[in-house]
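Every number for a ligand or one of its atoms is a count from 1 in the order of the listing. As a basis for the values below, the full set of heavy atoms in this structure was taken, side chains included, without hydrogen atoms, waters or symmetry mates.
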Amino acid sequence: MDRYSFGLVLVLALASITVPSAHGWSKEGHTMTCQIAQALLDSEAAEAVRNLLPDYVNGDLSALCVWPDQVRHWYRYRWTSPLHFIDTPDQACSFDYSRDCHDQHGLENMCVAGAIQNFTSQLSHYREGTSDRRYNMTEALLFLSHFMGDIHQPLHVGFTTDEGGNTINLRWFRHKSNLHHVWDREIILTALKDYYEKNTDLLLQDIKGNYTDGVWSDDVSSWEHCDDLASCINKFAVESINIACKWGYKDVEPGVTLADDYFDSRMPILMKRIAQGGVRLAMILNRVLGESDEGLATPT
Ligand SMILES: *[C@@H]1O[C@H](CO)[C@@H](O)[C@H](O)[C@H]1NC(C)=O
Ligand SMILES: *[C@@H]1O[C@H](CO)[C@@H](O)[C@H](O)[C@H]1NC(C)=O
Ligand SMILES: *[C@@H]1O[C@H](CO)[C@@H](O)[C@H](O)[C@H]1NC(C)=O
Ligand SMILES: [Zn+2]
């Protein structure tokens, strides 16, 4: 049983108890990443996105950004399961595409970095009207949007043996959790509770304020800078494993209780990752669907 079917069995078995999901940014993380991105689209990219979305979401990309997590256990989408993360060698604190981007059977490109290239490349044919009929452009958009969130979650580029922190059980303040889930969701929920009246819109406004006219505004142009997609995606993954080592795993042993010190020092880092994921998703969508004819070198 792989870790995700194990997770599913747990969910089914303990349906009444909240079980940490092993599936990437929580709903909140993915939603905010996509809301940030959608607000930064140029008009042509925004229109393309609206056209690709099903009517029932009224043009709101973020409403479907968790869709890949919902379908990954369905038989038809089982192949997407390894695309949410990257397992890197224990303690190596590095990412090497040819070494690390594969599934557990060694199938190449089956990791979140390969998936982002794949779905960007599929979408890049949409504007020219040369889409390959085998590919569903709506799904390509949703997968790309979701995986750009996942690759920015530091523990999604984690160590192999502990499954990106999933097997490191610990306490988050008073309740049981695990290290992966702390970065997926616990930090966001604690921030919402302590600082934002449990209102994700207030948190989102604060994040937006910080990159438009605040602590990160001078950094945004370097976040978006990208000449060659493959190397940019590798950079995102390298950033994540570096943060995972420097802040995620640091001083964490199974059974510890993480509380204020960990929360206070990690929250700003995690919020910045959400902002970066959103800004960079917009950069990719603008380049492949938008007015810019800058394009983006993608493998075909
Ligand atoms: C790319 O997407 C196609 C389907 O759209 C899929 O068959 C293939 O496995 C994907 N590869 C990666 C690396 O995501
Ligand atoms: C594309 O995928 C979406 C989501 O799975 C689905 O609702 C839609 O019918 C698909 N479109 C085509 C043309 O297959
Ligand atoms: C935004 O920046 C302010 C000032 O540095 C900081 O206190 C706040 O926590 C930041 N908010 C987020 C969501 O990063
Ligand atoms: Zn995911």
- One finds that the ligand 1 atoms under 4.0 Å from a non-hydrogen atom of Gln122 are 1 (C), 2 (O), 3 (C), 4 (C), 5 (O)

- Is the count of non-hydrogen atoms from other residues, nucleotides or ligands lying under 6.0 Å from Asp264 atom CG greater than 12? yes

- Note on the structure: The option among Leu202, Asn210, Val215, Ile274 carrying the non-hydrogen atom nearest to atom 3 (C) of ligand 3 is Asn210

- Message: Within ligand 1, which atoms have a heavy atom of Asn118 less than 4.0 Å away?
- Response: 1 (C), 2 (O), 3 (C), 8 (C), 10 (C), 11 (N), 12 (C), 14 (O)

- Query: So, is His156 placed with an N/O/S atom under 2.8 Å from the Zn ion (ligand 4), counting both backbone and side chain?
  - Reply: no

- In the single-linkage hydrophobic clustering (I, L, V, M, F, W, Y; side-chain heavy atoms under 4.5 Å), do Leu144 and Val66 co-cluster? no

- Message: Please report whether ligand 1 has a polar contact with Tyr135, defined as an N or O pair separated by less than 3.5 Å (distance criterion only).
- Response: no

- Item | Contact bool for atom 5 (O) of ligand 3 (protein heavy atom, d < 4.0 Å) | yes

- Please round to the nearest 0.5 Å and tell me the distance separating atom CD of Gln35 and atom CG of Leu40. 12.0 Å

- Query: Any chance the rings of Tyr262 and Trp247 have centres within less than 6.0 Å?
  - Reply: no

- Distance-only, no hydrogens or angles: does the His152 side chain make a donor-acceptor pair with backbone N or O of Arg273 under 3.5 Å? no

- Any idea which atoms of ligand 3 are less than 4.0 Å away from a heavy-atom of Ile207? 13 (C)

- Look at the side-chain heavy atoms of Ile, Leu, Val, Met, Phe, Trp and Tyr, link any pair under 4.5 Å apart, and say whether Met110 and Trp74 land in one connected group. yes

- Message: I'd like to check which ligand 3 atoms, numbered from 1 as shown, lie under 4.0 Å from a non-hydrogen atom of Trp216.
- Response: 14 (O)

- Message: According to a hydrophobic-cluster definition based on side-chain heavy atoms being under 4.5 Å apart (Ile, Leu, Val, Met, Phe, Trp, Tyr only), do Tyr56 and Leu141 belong together?
- Response: yes

- Starting from the C-alpha separation in whole Å, work towards a yes-or-no answer on side-chain contact (heavy atoms from CB on, under 4.5 Å) for Phe173 and Thr257. CA-CA 6 Å; Phe173 293 86; Thr257 295; 6.0 Å; no

- Note on the structure: If you scan protein heavy atoms around atom 7 (O) of ligand 1, the nearest is Trp79 CZ3, 4.4 Å

- Which of the atoms in ligand 1, numbered in the order shown and given with their element, are less than 4.0 Å from a heavy-atom of Leu83? 14 (O)

- Query: Checking side chain to side chain contact (heavy atoms under 4.5 Å, CB included) against His30, which of Asp150, Asp184, Leu64 comes through?
  - Reply: Asp150

- Looking only at heavy atoms, the pair that brings Tyr249 and Leu179 closest together is CD2-CD2, 3.7 Å

- Message: Judged on heavy-atom distance to atom 13 (C) of ligand 1, which of Asn109, Asp103, Asn136, Val112 sits nearest?
- Response: Asn109

- So does His84 have any N/O/S atom less than 2.8 Å away from the Zn ion (ligand 4)? yes

- Message: Need the ligand 3 atom indices (1-based, order shown) with element for anything under 4.0 Å from a heavy-atom of Leu203.
- Response: 13 (C)

- Report yes or no: do Asn109 and Tyr97 form a side-chain donor-acceptor pair below 3.5 Å? yes

- Message: Please work out, at 4.0 Å between heavy atoms, whether the side chain, the backbone, both, or neither of Tyr196 comes within that distance of ligand 3.
- Response: side chain

- Task: Measure the distances from the heavy atoms of Arg134 to every atom of ligand 1 and state whether one is below 4.0 angstrom.
- Result: no

- Closest protein heavy atom (residue, atom, distance) for atom 9 (O) of ligand 3: Met267 CE, 3.9 Å

- With respect to the Zn ion (ligand 4), what is the nearest N, O or S atom of Asp150? OD2

